[in-house]
Amino acid sequence: MASNSKHDLYDAAKADRLGFWAAQANQLSWHKPFTKTLDWSNPPFAKWFEDGQINASYNCLDRHVLEGRGDKTAILFEGEPGDTKTYSYSQLLAETKKAANALLDLGVRSGDRVAIYMPMIPETVIAILAVARIGAVHSVVFGGFSADSLRSRINDAQAKLVITADGGFRKGKAHALKEAVDQALLDNSCPSIEHVLVVQRTKTDVAMSAKDVWWHDALAKASPEHEAEGFDSEHPLFILYTSGTTGKPKGILHTTGGYLTGASYSHKVVFDLQRDTDIYWCTADVGWITGHSYVVYGPLANGATQVIYEGTPDSPNFERWWEIIAKYKVSIFYTAPTAIRTFMKIGRAVVDGHDLTSLRVLGSVGEPINPEAWHWYHDVVGGSRCEIVDTWWQTETGSIMISPIPHAFKTKSGSAQRPIPGITVGIVDENGVPVKKTADGSEAGYLTIDEPWPSMLRGVWGDPDRYVETYWSRFKGKYFAGDGARFDGDGDIWLLGRIDDVIKVSGHRLSTAEIESALVEHHWVAEAAVVGAKDEITEQAVVAFVILRQDELGDAPNEEEIGKVLRSWVTEKIGAIARPRQIMVVSELPKTRSGKIMRRLLKDVAEGRPVGDTTTLADSSVMTAINDKLHDGAND
Ligand code: WT7
């Protein structure tokens with residue numbers, strides 16, 4: 001780091017932003033040093049550290065071994081059934097080298113795409129680092145997504161290989177994964193796939209066909225030697241699909257040098273990482289960007305020791321997380337507000353019984369943390385002793401953008417406060433004019449990122465126009481994040497949630513349009529409108545309004561049955577995270593004269609509020625009819 005004092009870091013970034021980023025990038029080990037920091041001659045297409053060459057896997061593994069840290073623990077794995085396994089950096093490197101050779105043996109080459117559909121086990125990290133090591137591009141698909149979702153992601157990226165497991169342990173049971181892969185590939189529906197590599201985790205019976213290969217067999221046969229070569233800084237590192245405002249998820253593309261710079265720098269500075277003494281634990285699944293940046297690349301590039309836990313916080317009971325923190329003496333803990341609110345509801349007794357005095361920094365991510373949850377996190381989990389970092393960022397930003405830095409200034413409950421050094425953000429009104437800061441704070445506006453940053457997305461896979469349109473067209477020259485925000489009187493930033501049709505359920509990002517298209521794929525459904533309704537625990541919950549096709553209903557089951565069937569249908573089409581909390585059958589949807597569904601009014605209904613202004617509706621009686629049905633209630 002350029003300096004020891006936190007304030008100097010802000011000053012250094014302000015004085016020479018590009019020089020600051022070059023210094024951060026130079027904390028990494030480059031196969032060929034870069035001489036150019038940023039090429040922004042063709043905005044919004046950025047090139048960072050363009051003439052440098054680097055290998056992400058080398059930086060996460062070989063480097064530590066070569067610098068004498070091979071025996072340091074990289075991963076403390078805790079399986080849900082209670083099995084444990086520890087990997088030193090040397091061991092993780094040895095496995096990754098074999099896995100890299102196994103991939104090469106299966107015909108995977110630099111630039112090829114590899115889908116990874118795995119539980120939270122060490123092999124998942126090894127798989128990711130092996131793919132990166134040979135310059136292939138990983139596309140991790142969260143294990144909770146359905147076979148349909150996996151198929152569309154495989155096909156969009158034209159992946160050559162899928163790495164999966166027989167299953168993973170979740171809520172005390174073996175959750176099948178290979179089976180879903182088989183379903184996704186059925187009838188040659190993913191023609192680009194040549195092989196499926198299968199890790200044995202749950203030892204459940206799985207059908208192995210000619211293209212399926214066991215991970216342990218492939219690694220046993222593979223050579224243990226593999227020298228990592230350098231790839232161009234802008235070489236693609238991974239694609240990660242995320243929901244936008246349209247029905248089809250976008251493949252967000254990240255490249256090597258800039259991404260790794262952003263992930264490692266932010267991990268060090270935001271969590272105040274002390275490499276040799278901290279025990280770090282981020283509870284995110286590797287299927288999300290948080291898992292990419294703050295389970296895999298950030299902590300490993302920084303040589304941290306981290307806990308990886310396979311299961312859910314309630315297995316076998318709600319003591320589990322706190323037992324893990326006490327057992328491994330976790331000092332930095334990073335989780336989502338949804339989890340905090342779940343524990344708040346259960347009550348502090350499950351936390352209080354454990355010795356959590358090892359904790360010193362607590363992170364929050366995924367959605368705004370409400371002050372009540374912040375205080376509970378601070379007092380009950382942190383013993384009123386820890387620094388809380390509320391970190392705002394996105395799949396697209398690749399790494400944390402807005403967050404306090406421990407001990408740099410006084411934190412506030414519920415505010416992410418300031419961009420981290422090197423990042424410049426703004427809040428603008430709908431015409432792109434910066435909102436006025438006054439002693440009372442500002443009006444709410446749209447959050448923008450005002451200058452390119454190393455870990456920014458480089459594009460939407462296969463769709464360069466969508467990259468420009470979605471992120472760089474709304475406000476000239478600025479990145480449009482899709483979030484509302486305001487400044488308080490001190491100039492600190494308060495995030496206000498999404499301003500588009502993206503909703504957040506337990507910190508997971510879903511698109512209302514995607515759920516609507518899943519619903520209308522069911523033959524009973526003529527039309528559907530989905531809203532995110534306020535939820536005490538999950539922040540938002542999916543509520544769907546559907547118009548049925550009377551001619552398709554046949555032996556019409558009652559509405560409760562219909563609700564059940566459609567909710568399971570969404571689980572099957574997208575995944576359990578998108579399952580609606582409630583489905584309301586209606587005979588009309590509120591539309592403007594131009595035919596646009598007014599979700600705002602449906603949200604009023606879903607949240608039990610009086611319905612707002614209906615004057616722009618083509619037919620205002622529609623809302624009266626929907627309101628009258630309200631009492632039919634939830635079909636949970
Ligand atoms: C959206 C991005 C970033 C990793 C996990 C989510 C919301 C994220 C915060 C926060 C308020 C937050 C935003 C953002 N969000 N962190 N600390 N405070 N809102 O990544 O799935 O790409 O979602 O999550 O709305 O746009 P993602």
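All residue numbers refer to positions in the sequence shown, counting from 1. Remember, it's 1-based here, ligands and their atoms both numbered in the order they're listed.
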Counting from 1 in the order shown, the ligand 1 atoms closer than 4.0 Å to a non-hydrogen atom of Arg509 are 2 (C), 21 (O), 22 (O), 23 (O), 27 (P)
So the atoms of ligand 1 within less than 4.0 Å of a heavy atom of Thr391 turn out to be 9 (C), 10 (C), 16 (N), 17 (N)
Got the closest protein heavy atom to atom 25 (O) of ligand 1, with its distance? Asp483 OD2, 2.7 Å
Do Thr283 and Thr335 meet the criterion of a side-chain donor-acceptor pair at a distance under 3.5 Å? yes
N-O pairing of Arg320 and Glu80 below 4.0 Å: no
Could you tell me if Arg153 sits above the aromatic ring of Tyr117, with its cationic atom closer than 6.0 Å to the ring centre and no more than 45 degrees from the axis? no
Compute the ring centroids of Trp453 and Tyr265, then answer whether they are less than 6.0 Å apart. no
Closer than 4.0 angstrom: is that true for some heavy atom of Ala416 and an atom of ligand 1? no
Test of ring centre spacing under 6.0 Å for Phe343 and Trp376: no
Pick from Thr395, Leu240, Val365: the one approaching atom 20 (O) of ligand 1 most closely through a non-hydrogen atom: Thr395
Using the ring centroid of each side chain, check whether Tyr241 and Phe145 are separated by less than 6.0 Å. no
What part of His508 sits under 4.0 Å from ligand 1 if we count only heavy atoms: the side chain, the backbone, both or neither? neither
Could you identify the single nearest non-hydrogen protein atom to atom 11 (C) of ligand 1 and state the distance to 0.1 Å? Pro368 N, 3.1 Å
Protein heavy-atom partner closest to atom 10 (C) of ligand 1 - residue, atom, separation in Å: Glu367 O, 3.5 Å
Aromatic centroids of His267 and Tyr280 separated by under 6.0 Å: yes
Strictly below 4.0 Å, N to O, side chains only: are Arg360 and Asp278 in salt-bridge contact? yes
Which of Lys596, Arg599, Arg509 passes salt bridge (charged side-chain N to carboxylate O under 4.0 Å, His left out) with Asp501? Answer is Arg599
When you compare ligand 1 with Arg498, is there at least one nitrogen or oxygen pair between them that comes in under 3.5 angstrom? yes
How far is atom 7 (C) of ligand 1 from its nearest protein heavy atom, and which residue and atom is that? Gly366 O, 3.4 Å
Pair Phe480 + Trp472: ring centers closer than 6.0 Å: no
May I ask you to identify, for Ile289, whether its side chain, its backbone, both or neither come under 4.0 Å of ligand 1 on a heavy-atom basis? side chain
Relative to ligand 1, is Gln394 under 4.0 angstrom through side chain, backbone, both or neither, heavy atoms considered? both
Which residue and non-hydrogen atom of the protein lie closest to atom 2 (C) of ligand 1, and at what distance in Å? Trp393 O, 3.6 Å
Atom 4 (C) of ligand 1 [closest protein heavy-atom partner, distance rounded to 0.1 Å]: Thr290 OG1, 3.2 Å
What residue and atom, counting heavy atoms only, is the protein's closest point to atom 24 (O) of ligand 1, and at what distance? Lys504 NZ, 2.8 Å
Does a donor on one side chain and an acceptor on the other come within less than 3.5 Å for Thr246 and Arg466? yes
If you count the atoms of ligand 1 from 1 in the order shown, which ones are under 4.0 Å from a heavy atom of Asp390? 10 (C), 17 (N)
Does ligand 1 have a heavy atom under 4.0 Å from the side chain of Leu495, from its backbone, from both, or from neither? side chain
What I want to know is whether Ser364 and ligand 1 share at least one N or O pair that is separated by under 3.5 angstrom. no
